Amino acid sequence: MPPKPKTAVSPTREENYPEWYQQVIKAADLAENSPVRGCMVIKPWGYAIWENIQRVLDGMFKATGHRNAYFPLFIPKSYLEKEAQHVEGFAKECAVVTHHRLQQGKDGKLVPAGELEEPLVVRPTSETIIGEMYAKWVQSYRDLPILINQWANVVRWELRTRLFLRTTEFLWQEGHTAHATEEEARVETMKMLDVYADFAQNFMAMPVLKGKKTEGERFPGAVDTFCIEAMMQDRKALQSGTSHFLGQNFAKASDIKFLDESGQLRHAWTTSWGVSTRLIGGLVMTHSDDDGLILPPKLAPAHVVIMPITFKAENPGAVLEYCQKLAAELRAQTFAGRAIEVELDARDLRGGDKVWSWVKKGVPIRLEIGPRDMAADSVFMARRDKATNEKAGVPRAQFVASVAGMLQEMQDNLFARAKAYRDANFKVIENEADFRAYFTPPGGAKDESDGPTPIHGGFAIAHFNGDKAIEEKIRQELAVTVRCIPLPGQVSGADEAGKCIFTGQPSPQRVVWAKAY
RNA sequence: CGGGGUGUAGCGCAGCUUGGUUAGCGCGUCUGACUGGGGGUCAGAAGGUCGGGAGUUCAAAUCUCCCCACCCCGACCA
């Protein structure tokens, strides 16, 4: 029997970060791998987080004038072929439906039959089919803008997958808008980028950088791709949301045309923007520790868990009743615009198991309530953002009155902690030698073929003149890429001109380099 | 699709080189008792086509051949 681990999750982040990530997901019961390779089963606790993400974002989309609709899962192959770069970008990872029926074969097994005249592609994204519909809906400038979002699943046949971060099928939302002018479409692109940044920082408590992608990292078919980039605890970057200015590329491919005020026939300008279940991976890797998940209160499926301690109570029923009454009191409180969510866990489990199960699930506040607490009319409280054994008795009334404030404080603490970590691992780099040293792990391991490399590096802020060949060379040699060209004011010192650290050529500003998911 | 590796109980593994009675171990699971505010102890129980097929042999988890699946690395990616 191996020695009992000191932490609820093993290995620890330090020991093996990728494995730790998997173990946190398992310990928190968020999701598991499915029988279908590369696809995941999102379990209730994980799905509840997604539902909270959906609820908040959906409200933000509605508030910015968007409406939900739903477009088909299947896209005729010919649609995908309309935009050249788009084809190139997605063709290699499409699931294709070629038949519509199964028949019993000679050996009794089912074989596909009824071949389709035109194969259908399972959507990897919906620009093409939505464009096709918009072309019908738009005749006049009076029909614009169209501001639509859809919540859907998409399939990208990835070769290497990781729960939440990259799966063959994933859930997301994709906004698709069409506008009469370039200016309006550009404003829309930036507006939604701001919505994502706002959501990431104020709800996920995940600091993000807003920036623009380089040509190589751009969405296939887009004119400009903007992104929010977050730093995980292994100091790698996670692209957490994207907003694309598509110019007239898709409007031309799908023939979205309208007559303007002067009677001129013009192509519309379109945008698209999305975030996915990958955000849950970001949530895990931003806040969690070696005891499991830590949830920002605003997205936690439960804010408070109450565990009645009834084993040596003379009257267990009274303790339970006290807990139920407390739960009702708490539910009457609001936090961040919704009722406080309370779990009352009266399962017949040993105390330790029960407590640790909620620690691992990341519930912000845990209450253990036994006869002694009831007698004192108090609660015995622990917070997930503090040490597990740091518990204290608090008078019940005081706790109820302060719970919302405490949750907000935890939300703020998580953000502050994540931001401090990110800022501590931001480094302005002025020459190539320092750059290479920064991204070379201790011990000098080149890649991860001999196991995970120690946590190292971070976000490097360095001048770069945009040479694609150099970007590719750095990617090959160091597995480091330009995560984004930060928008003005996002990174202090990034906006000034200088010289590219690789070529010495003039560079208009510094860009953000990092290893990425 | 190239290189490497692994398939034995729910999970992790031993056994295989040197074939030999009812195939083991750890964890987990279930039941009960004692317990219990840092995940406890004891007793008992369930659970296996040894990835599949063919062959060699008196005898195959073990040797041979074929097939399948999965994992890791590379190329590609939200």
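Values reported hereafter were calculated over all heavy atoms of this structure, with side chains retained and with hydrogens, waters and symmetry mates removed. Keep in mind it's a predicted model, so treat the numbers as computed, not measured. By convention in this document, chain letters (A, B, ...) are assigned in the order of the sequence lines, proteins followed by strands, and residues within each chain are numbered from 1.
- A/K391 places its NZ atom 9 Å from the P atom of B/G37, with the value rounded to the nearest Å.
- Across all strands, A/S276 comes closer than 4.0 Å to base atoms (heavy-atom distances).
- Proximity note for A/T167 (side chain, C-beta onward) versus B/A78, B/C77, B/G37: the nearest is B/A78.
- To the nearest angstrom, P of B/A78 lies 19 Å from CD1 of A/I280.
- In this structure, A/Q476 places its CD atom 12 Å from P of B/G74, rounding to the nearest Å.
- Using C1' as the reference atom, B/C63 and B/C16 are 10 Å apart when rounded to the nearest Å.
- Between B/A45 and B/U49, the two C1' atoms lie 23 Å apart (nearest whole Å).
- No contact: A/P220 has no heavy atom under 4.0 Å from any strand.
- For the pair A/H86 NE2 and B/A78 C1', the interatomic distance rounds to 13 Å; values are reported in whole Å.
- Take A/E158 and apply the side chain to side chain donor-acceptor pair (under 3.5 Å) test, not counting sequence neighbours, and it matches no residue.
- B/U62 and B/U22 have their P atoms separated by 16 Å, with the value rounded to a whole Å.
- Here B/A78 presents its P atom at 8 Å from CZ of A/R483, a figure rounded to the nearest Å.
- Helical stems involving RNA chain B, defined as 3 or more consecutive Watson-Crick or G-U pairs under 3.5 Å, span B:1-7 with B:68-74, B:10-13 with B:24-27, B:29-34 with B:40-45, B:51-55 with B:63-67.
- Checking B/G37, B/C76, B/G74 against the side-chain heavy atoms of A/R475 singles out B/C76 as nearest.
- Counting non-hydrogen atoms under 4.0 angstrom, A/E158 reaches a base of the nucleic acid.
- Taking every side-chain heavy atom of A/K92 into account, B/C76 is the closest of B/C76, B/A78, B/G37.
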Next item on the list: Could you check A/W513 against A/F464 for ring-ring contact (aromatic ring centres under 6.0 Å, His included), going step by step and ending with a plain yes or no?
Entry: CA-CA 10 Å; A/W513 297 80; A/F464 174 57; 5.0 Å; yes
Check: Are A/K515 and A/D234 close enough, and set up right, to give a salt bridge (charged side-chain N to carboxylate O under 4.0 Å, His left out), and what steps lead you there?
Finding: CA-CA 10 Å; A/K515 298 191 178 181; A/D234 61 354; over 6 Å; no
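- Comparing A/W356 and A/D348, the nucleotide of RNA chain B nearest to each residue sits closer to the 5' end for A/D348.
- A cation-pi arrangement is found for A/K236 relative to A/Y517, the charged atom lying closer than 6.0 Å to the ring centre and inside a 45° cone about the ring normal.
- You won't find any donor-acceptor pair under 3.5 Å spanning the side chain of A/R350 and the base of B/G36, going by distance alone.
- A/F170 comes within 4.0 angstrom of a base, heavy atoms only.
- A/K354 comes within 4.0 angstrom of no nucleic acid atom, judged by non-hydrogen atoms across all strands.
- For residues 44-54 of chain A, every residue pair satisfying the side chain to side chain donor-acceptor pair (under 3.5 Å) rule, not counting sequence neighbours, is listed here: A/N52-A/R55.
- Between the CG atom of A/L171 and the C1' atom of B/A78 there is a distance of 13 Å, given to the nearest Å.
- Residue A/T310 is out of contact with every strand shown, counting any heavy-atom pair closer than 4.0 Å.
- Rounded to an integer number of Å, the gap from A/Q85 CD to B/C76 P is 18 Å.
- The backbone N or O of A/D345 sits less than 3.5 Å from a side-chain atom of A/K354, completing a donor-acceptor pair.
- Set against B/A75, B/A78, B/G37, the side chain of A/R160 has B/A75 as its closest nucleotide.
- For the 3.5 Å distance criterion, the side chains of A/R123 and A/T125 fail to qualify, holding no donor opposite an acceptor.
- With both ends at atom P, the span from B/U8 to B/G53 equals 15 Å, rounded to whole Å.
- Separating the P atom of B/C11 from that of B/C58 is a span of 37 Å, rounded to the nearest Å.
- In this structure, the nucleotide among B/G37, B/A78, B/G74 sitting nearest to the side chain of A/R372 is B/G37.
- Applying the ring pair (Phe, Tyr, Trp, His ring centres under 6.0 Å) test to residues at least two apart or on different chains, none of the pairs has a partner in residues 220-240 of chain A.
- Using atom P as the reference point in both B/A43 and B/C65, the two lie 47 Å apart (nearest Å).
- Within the structure, the salt bridge (charged side-chain N to carboxylate O under 4.0 Å, His left out) test picks out the following pairs touching residues 274-290 of chain A (sequence neighbours left out): A/R13-A/D290, A/D289-A/R384.
- Using a 4.0 Å heavy-atom criterion, one finds that A/L238 contacts no nucleic acid atom at all.
- Judged by distance alone, the side chains of A/T177 and A/T271 do bring a donor and an acceptor atom under 3.5 Å apart.
- Here, B/G10 and B/A46 have their P atoms 15 Å apart, quoted to the whole Å.
- Distance, A/E19 CD to B/C71 P: 14 Å, rounded to whole Å.
- Taking atom C1' on both B/G12 and B/G55, the two are 33 Å apart, rounded to the nearest angstrom.
- Defined by atom type and a distance below 3.5 Å, a donor-acceptor pair is present between the side-chain atoms of A/H244 and A/T225.
- Scanning residues 358-370 of chain A for heavy-atom distances under 4.0 Å to RNA chain B yields A/K360, A/E368, A/G370.
- In terms of position on RNA chain B, the residue among A/T277 and A/D291 whose nearest nucleotide sits closer to the 5' end is A/D291.
- Between A/F439 and A/H456, a ring centre-to-centre spacing not shorter than 6.0 Å is recorded.
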